[in-house]
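Input: a single structure, listed below in structure tokens.
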Protein chains: 2
Amino acid sequence: MTTETRKSEIINTAAKLFKHKGYSAVTMRDLAQAMGIKAASLYNHIESKQAILEYIIINIAEEFTLGMQTVLNSDLNTIQKLEAIIKLHVSIANQNPEGMAALNNDWMHLEERRDYYLELRQQYESNIRFIIDEGIAKNNLKNLSTDVVLFSILSTLRSLYLWIPKKDQLDVNELSSDLSEVLIGGINK
Amino acid sequence: MTTETRKSEIINTAAKLFKHKGYSAVTMRDLAQAMGIKAASLYNHIESKQAILEYIIINIAEEFTLGMQTVLNSDLNTIQKLEAIIKLHVSIANQNPEGMAALNNDWMHLEERRDYYLELRQQYESNIRFIIDEGIAKNNLKNLSTDVVLFSILSTLRSLYLWIPKKDQLDVNELSSDLSEVLIGGINK
DNA sequence: GTCTATATCGAGATAGAC
DNA sequence: GTCTATCTCGATATAGAC
């Protein structure tokens with residue numbers, strides 16, 4: 001329990017490296033070099049390489065779970081709920097694209113916390129599926145395959161981390177609105 | 001230049017392992033064990049671990065390039081071209097989901113062939129962008145942000161490999177058609 | 001809080017027998 | 001075509017001085 005800021009610095013630097021090469025290909029020496037110290041010094045702040053991955057992924061996963069609860073407890077209609085979920089993804093991906101990369105690509109390298117992560121992830125997917133089914137039932141959405149709709153939306157949202165860093169000074173509301181238009185309204189005239 | 005089938009066997013087995021853990025986390029000993037032989041024996045068939053990754057990724061990348069040429073040289077309209085591209089992705093992802101995983105997640109571990117891969121990838125993206133712009137200009141598509149449309153479609157298509165293996169006995173035409181409906185027509189009523 | 005030194009392990013790859 | 005034996009390197013992590 002030394003300085004908490006140094007620990008955060010290490011975690012944030014690690015996330016950047018993980019995004020470029022993936023968890024397995026990043027060494028503690030790489031991380032140390034990026035921090036300007038020696039590898040052994042890292043261990044005064046973090047317990048292990050594995051612990052760094054846990055911090056990054058579990059934090060974001062719980063943030064999504066929390067955001068989903070807010071949406072579910074709201075009295076928004078189906079379209080508005082989907083819009084809120086899109087905005088949730090844009091917001092988190094914009095605030096922490098490196099963490100999103102680790103969550104998407106390196107979760108399988110989690111050890112103790114892997115099952116917990118998978119539980120949160122599955123619950124999250126179920127919740128979106130529920131919203132889509134409700135929308136179809138209430139005739140707010142076209143009667144399309146729930147699986148295909150879920151997959152299409154979620155694939156796009158999960159890939160946001162790849163795309164967002166390229167745009168500087170992103171307007172979260174504008175991108176969320178553009179994405180909603182495309183994902184919900186379609187593209188053909 | 002020993003038996004060519006043994007080499008293919010190794011490459012296909014490697015692709016499966018790469019899909020589960022990523023290139024960096026798979027060892028030549030893992031691969032050998034999955035093949036039922038010793039690690040040293042692998043080197044009678046392949047030159048290096050890196051060469052395996054190259055085979056997997058470059059083959060698929062060139063397959064996409066070829067498919068795109070066919071679409072571009074056709075006299076299809078914008079919507080039909082997009083439908084053809086969707087079908088191209090479904091078809092390749094269905095035939096080789098493991099290879100698609102490597103292409104999506106492990107291309108950064110390519111060495112000599114990395115730049116070549118990135119060139120093919122960028123060219124492919126430019127071609128889709130061209131088709132979308134053309135569609136907007138000809139009033140076949142809504143006047144939406146080209147970037148958002150491109151990103152949304154491509155993110156979904158690039159994620160197909162995650163989703164397709166779960167469905168057994170996939171009907172390529174049916175999924176392509178369902179996906180086209182959602183991606184092009186939208187979901188709201 | 002960072003260092004040097006080091007322990008231990010497993011990685012990719014080669015040599016040469018069978 | 002596969003094996004055993006081995007080389008060399010770099011990985012995570014710890015001990016203990018400053």
Side-chain angles (χ1 to χ4, degrees), chain A residues 1-58 98 102 105-114, chain B residues 1-58 98 102 105-114:
Chain A
M1 212 65 65
T2 55
T3 53
E4 185 62 19
T5 55
R6 201 89 178 101
K7 183 171 175 174
S8 311
E9 251 188 286
I10 291 174
I11 291 171
N12 292 333
T13 305
K16 273 178 202 150
L17 298 182
F18 292 169
K19 180 168 186 234
H20 282 301
K21 304 203 296 178
Y23 174 75
S24 301
V26 173
T27 72
M28 295 303 271
R29 287 176 177 87
D30 291 337
L31 177 53
Q33 191 172 29
M35 292 286 300
I37 58 178
K38 295 290 174 184
S41 309
L42 293 170
Y43 290 88
N44 245 6
H45 307 282
I46 50 96
E47 311 87 89
S48 64
K49 188 187 176 188
Q50 172 68 202
I52 297 176
L53 188 66
E54 286 181 5
Y55 284 119
I56 295 173
I57 294 182
I58 301 298
E98 294 87 10
N105 303 320
D106 289 319
W107 62 265
M108 70 285 282
H109 299 118
L110 287 173
E111 292 163 13
E112 288 85 15
R113 308 278 265 171
R114 192 179 131 131
Chain B
M1 214 62 70
T2 53
T3 53
E4 184 62 18
T5 56
R6 202 87 178 104
K7 183 170 176 175
S8 311
E9 248 187 288
I10 291 174
I11 291 172
N12 291 333
T13 305
K16 274 178 203 152
L17 298 182
F18 291 169
K19 179 169 186 233
H20 282 300
K21 306 204 296 177
Y23 174 76
S24 300
V26 173
T27 72
M28 294 302 271
R29 286 171 178 84
D30 291 336
L31 177 53
Q33 191 172 30
M35 292 285 301
I37 58 178
K38 295 289 173 184
S41 308
L42 293 169
Y43 290 88
N44 245 8
H45 306 282
I46 49 94
E47 311 87 88
S48 65
K49 189 187 176 188
Q50 172 68 202
I52 297 176
L53 187 67
E54 287 181 4
Y55 283 120
I56 296 172
I57 294 182
I58 300 299
E98 294 87 11
N105 303 321
D106 289 319
W107 62 266
M108 69 284 281
H109 300 118
L110 286 173
E111 292 164 11
E112 288 86 14
R113 308 277 267 172
R114 190 179 133 130

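We name chains A, B, ... by the order of the sequence lines, and we start the count at 1 in each one.
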To the side chain of Arg6(A), which of dT2(C), dG12(C), dC3(C) is closest? dT2(C)

Report the C-alpha distance between Thr27(B) and Lys21(B) in whole Å, list the side-chain angles of each, state the deciding distance to 0.1 Å, and finish with yes or no for side-chain contact (heavy atoms from CB on, under 4.5 Å). CA-CA 10 Å; Thr27(B) 72; Lys21(B) 306 204 296 177; over 6 Å; no

How far apart are the C-alpha atoms of Glu54(B) and Glu112(B), what are their side-chain angles, what is the distance that settles it, and do they pass the side-chain contact (heavy atoms from CB on, under 4.5 Å) test? CA-CA 9 Å; Glu54(B) 287 181 4; Glu112(B) 288 86 14; 3.4 Å; yes

Heavy-atom closest pair, residues Lys7(A) and His45(A): CD-O, 3.8 Å

Decide if atom CD of Gln33(B) counts as having more than 12 heavy atoms of other residues, nucleotides or ligands within a radius under 6.0 Å. no

Of Arg29(A) and Lys38(A), whose nearest nucleotide on DNA chain C comes first from the 5' end? Lys38(A)

Out of dT2(C), dA13(C), dA11(D), which has the shortest distance to the side chain of Met28(B)? dA13(C)

Do Tyr23(B) and Lys49(B) have side-chain N/O donor and acceptor atoms under 3.5 Å apart? no

Could you tell me how far apart Leu31(A) (CG) and dA11(D) (P) are, to the nearest whole angstrom? 12 Å

N/O (side chain, Tyr43(A)) to phosphate O (OP1/OP2, dA13(D)) under 4.0 Å: yes

How many Å lie between CD on Glu47(A) and C1' on dT14(D), as a whole number? 15 Å

Compare the minimum distances between each of dA11(C), dC3(C), dT2(D) and the side chain of Ile37(A), then state the nucleotide with the smallest one. dC3(C)

Among dA13(C), dA5(D), dC3(C), the nucleotide that comes nearest once only the side chain of Ala40(A) is considered: dC3(C)

Considering only dA13(D), dC3(D), dC3(C), which nucleotide approaches the side chain of Lys49(A) most closely? dA13(D)

Should Ser41(B) be listed as having a side-chain N or O under 4.0 Å from OP1 or OP2 of dC3(D)? yes

Rounded to whole Å, CD of Gln33(B) lies from P of dT2(D) at a distance of 16 Å

Could you state the CG-P distance from Leu42(B) to dA11(C), rounded to the nearest angstrom? 13 Å

Could you state the NZ-C1' distance from Lys7(A) to dT2(C), rounded to the nearest angstrom? 18 Å

What is the distance, rounded to the nearest whole Å, between atom CG of Asn44(A) and atom P of dA15(D)? 12 Å

Starting at atom NZ of Lys21(B), determine the distance to atom P of dG10(C), rounded to an integer number of angstrom. 13 Å

Spacing of Asp30(A) atom CG relative to dA11(D) atom C1', expressed in whole Å: 11 Å

